[in-house]
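First up is the structure itself, then whatever we jot down about it.
Fair warning: this is a prediction, and the values are worked out from it, not measured in the lab. Convention: sequence-line order gives letters A, B, ...; per-chain numbering from 1.
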Protein chains: 2
Amino acid sequence: MLGRKVTLKDIANRAGLSVNTISRALKDKDDIAPATRQAIKTIAKEMGYVGNSAAGSLRSGHSRTIAVIVSDVANPHFGILVKDIENTARKHNYTIFVINTEENNELEERAIQIAISKNVDGILICPAQYSAENMHLMKRNGIPFVLVGRRFVDEPAFDYVICDDEKGGYLAAKHLLDQGHTRILFLNAPQRISSAQERYRGYMRAHEEAGLSVDPALTKEIGIRTGDAKEKVETMVERSEPFTGIFAFNDVIAWEAMYALQLRGCKIPEEYAIIGFDNIHSRMFVPFPLSSISSSQGEMARRAVEILLHKINRPDEEHSFKEVIDTAVISRAAANGAHG
Amino acid sequence: MLGRKVTLKDIANRAGLSVNTISRALKDKDDIAPATRQAIKTIAKEMGYVGNSAAGSLRSGHSRTIAVIVSDVANPHFGILVKDIENTARKHNYTIFVINTEENNELEERAIQIAISKNVDGILICPAQYSAENMHLMKRNGIPFVLVGRRFVDEPAFDYVICDDEKGGYLAAKHLLDQGHTRILFLNAPQRISSAQERYRGYMRAHEEAGLSVDPALTKEIGIRTGDAKEKVETMVERSEPFTGIFAFNDVIAWEAMYALQLRGCKIPEEYAIIGFDNIHSRMFVPFPLSSISSSQGEMARRAVEILLHKINRPDEEHSFKEVIDTAVISRAAANGAHG
DNA sequence: TTGTATGCGTTATCAC
DNA sequence: GTGATAACGCATACAA
């Protein structure tokens, strides 16, 4: 055991062959004698050889790796998304790694730099959207990338795969309006985020259609920090601000809102009806029902990977990819008298 | 805009200086004229330069990056752990990226290879533990690593940071036994995993102490797949196998068990008492109470990073690190008549 | 079928 | 303070 990284040279020395032969044998090139190849592979395995992709990609220009940059690893929505991305990527013989931005602009810039500096072939990113500047970092460096779940409407050059957020917002609000709720608290993400804007538009459209105006006091911006939604809901209840429905930007925020209501002794669904977004209850079993808007993460992940690989493999093609995946209401009612 | 990666050479051309000077200026070496440095930095920023750490680490031998290899990104426990690791690493000016193994041996091997091949300075890993072979891949390549949450008892050379799983298992079982439950279903992880073994030992010790023997039919192995716990619990209920308490290996399994019981119309906590592990309810607000064993992820993350950095910086020091962080019962009762 | 030479982008060393 | 040169580990082109 060397106690340091095993290189092609180490194997070459052991095998009495040139570095080149080792390299070609391990890459299964066809101009190596089968016996030689076998012998080399055995030695490589024995020595615990792990290729240095940093060196390899420096020379070859590709690494069969893609970086996935997400805004919140602790949100199961992204955990599921990452899993789905990984599965699709693996089918195409690509490996992924994940970098977290915590919805922070500086961390996002760092994340992109790390990805680029590790010579990834492409990047899938759910952008924090403080500005498009970080995206231009990828553009300028010629790295193929696809936006996932969010888009920049002012930047037609950026490809994306999103779900139909406007429709989702519309369906969510309509779902509650149809149940007779007229004052719907919208726990939305910050407005810089495209999906927040679009869901808001849908929320407004549903109200207009119902002939209702919306009290601006009912729209709150929730940050990524745990406890933010809880505090907002608590304040509303404390001040006896009237509302009976809640539409949450995502299911984790919805959970927190439900928690806050319970704390204050409010009854769900007797006093409040709630709907979330992402439909994560379809991918993990949680012991309370929550209606939600399905954004089809699996489909989103698959298309995002496929488009990215397409761009990686045909860098000169100018094709533009803008995919909007359909959304739908998934209605979950209280089963056995429990809340929902 | 070049439309390809910006290199030091590009900046050197623009600035009319040598590549070496650019490199030294951007790295804030002190033998560069302040004016030169400033001019260079401006140009670099303008051109959207991103250092190629793949090339840099090839030469320098380090990258200020560590890889975090976890078994299930979709489990919020790991999401929180990753966040905490990231925070500590950032304080020391290290960047992390995450690779998922889905508790699969081949994916784990691939993950380790990716990490090593990207020239990371060290690895934090929650091993899948099919064998210690994958760990030896790191050992043989001289990459510092620290096990997080799991350990190899037969391999005294592998450093780790874990929580006191035996005590955790003991406390969990005792918590339920003290409430009068004598038949406690243990939804454990597979036995190859050290924490599963140790929690099982604790579970047994609590029973012995109470003068009770344990029915082997009450111990089930739950895989990583969503739905596994649900099916096991449903089968138990269907067959009317008697039990009134459940101890789940982690909180996500506990959620699923509660879900399954509710589906069958079982009442919690009237008919069943449940306790989980990881205490993720302390880091996200979920609208139902769940008692759990606190494993102090924050502390675990902090220590793991510190130990890893120590090993990176003092590679010759033979110091061995084996840290066991205390566990405790966090009891959560039903608040407003809801279940718990 | 195998070996030799070259260069990827960066950093370390040394000369000026 | 700055520039020239070599080297990291690997893959490619080409020679043998």
Can you establish whether the number of heavy atoms outside E133(A) located under 6.0 Å from its atom CD is more than 12?
-> no
Do the side chains of E102(B) and N100(B) get nearer than 4.5 Å, heavy atoms only?
-> yes
For R37(B) and dG1(D), give me the distance from atom CZ to atom C1', rounded to whole Å.
-> 11 Å
Can you figure out which of dT1(C), dT2(D), dG9(D) approaches the side chain of L58(B) most closely?
-> dG9(D)
Nearest whole angstrom, please: distance from the C1' of dA11(D) to the CD1 of I32(A).
-> 13 Å
Would you mind reading off the distance between L26(A) atom CG and dG9(D) atom C1', rounded to a whole angstrom?
-> 13 Å
Are the side chains of V73(A) and V73(B) in touch, meaning some heavy atoms are under 4.5 Å apart?
-> no
Atom CG of D30(A) to atom P of dT12(D): distance rounded to whole Å?
-> 13 Å
Nearest-Å distance, CZ (R64(B)) to C1' (dT10(C))?
-> 17 Å
Do any side-chain nitrogens or oxygens of S53(B) fall under 4.0 Å of OP1 or OP2 in dT10(C)?
-> no
Can you sort out the partners of S117(A) under side-chain contact (heavy atoms from CB on, under 4.5 Å), two or more places apart, ordered by chain and number?
-> V50(B), S53(B)
Mind calculating the distance between CG (D28(A)) and P (dT1(C)) to the nearest angstrom?
-> 14 Å
Annotated protein contacts, base or backbone, on nucleotides 11-16 of chain C with a non-hydrogen cut-off under 4.0 Å, one of B, S, - each | BBB---
How long is the line joining CD1 of I11(B) and P of dT2(D), in whole Å?
-> 16 Å
K27(B) atom NZ: more than 12 heavy-atom contacts under 6.0 Å | no
Side-chain H-bond candidate by donor/acceptor type, N134(B) with E108(B), under 3.5 Å = yes
Any chance the side chains of K5(A) and N119(B) put a donor and an acceptor closer than 3.5 Å?
-> yes
Phosphate OP1/OP2 of dT2(C) contacted by S18(A) side-chain N/O (<4.0 Å) = no
What is the distance, rounded to the nearest whole Å, between atom CD of Q113(A) and atom P of dT10(C)?
-> 13 Å
